[in-house]
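First up is the structure itself, then whatever we jot down about it.
The analysis underlying the following values was restricted to heavy atoms, covering all of them including side chains, and did not include hydrogens, waters or symmetry mates.
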Amino acid sequence: MDLESWTPVDNARRLATLIAVGAAMFGLLALWLGAAWHPLLALLVAVLAGVAVWAAAFQVLRRLLRR
């Protein structure tokens, strides 16, 4: 794989995915263990939060990396 051929959009997508997974995992553990929510409900909310974080992070990173 040629890492130099990645476009700024590719880099933004990959970084946004890493950020979103981290946020979703933190949210899952915080809701499940910290707030004592049912594990499936905490998982559902964490997935929705991860999708929202990914969308926001992708837009911001795409703008930053295109410069």
**Fill in**
Sorted by chain and residue number, the side chain to side chain donor-acceptor pair (under 3.5 Å) partners of Arg63 (sequence neighbours excluded) come out as none
**Message:** Just to verify, what does Trp32 make a side chain to side chain donor-acceptor pair (under 3.5 Å) with, not counting sequence neighbours?
**Reply:** none
**Item:** Separation of Arg13 CZ from Thr7 OG1 (nearest 0.5 Å)
**Value:** 7.0 Å
**Request:** Verify the cluster assignment for Leu31 and Leu29: are they in a single hydrophobic cluster under the rule of side-chain heavy atoms below 4.5 Å apart?
**Result:** no
**Message:** Please tell me whether Val47 and Leu28 are part of a single hydrophobic cluster in this structure, the criterion being side-chain heavy atoms less than 4.5 Å apart.
**Reply:** yes
**Complete:** Sorted by chain and number, sequence neighbours left out, side-chain contact (heavy atoms from CB on, under 4.5 Å) with Leu64 holds for Val60
**Item:** Partners passing side-chain contact (heavy atoms from CB on, under 4.5 Å) against Ala16 (at least two apart in sequence or in another chain)
**Value:** Trp54, Ala57, Phe58, Leu61
**Asked** Side chains of Val9 and Arg66: does their closest heavy-atom pair fall under 4.5 Å?
**Response** yes
**Fill in**
The complete set of side chain to side chain donor-acceptor pair (under 3.5 Å) pairs with one or both residues in residues 37-47, sequence neighbours excluded, reads none
**Asked** What are the two closest non-hydrogen atoms of Pro8 and Leu65, and how far apart are they?
**Response** CB-O, 3.6 Å
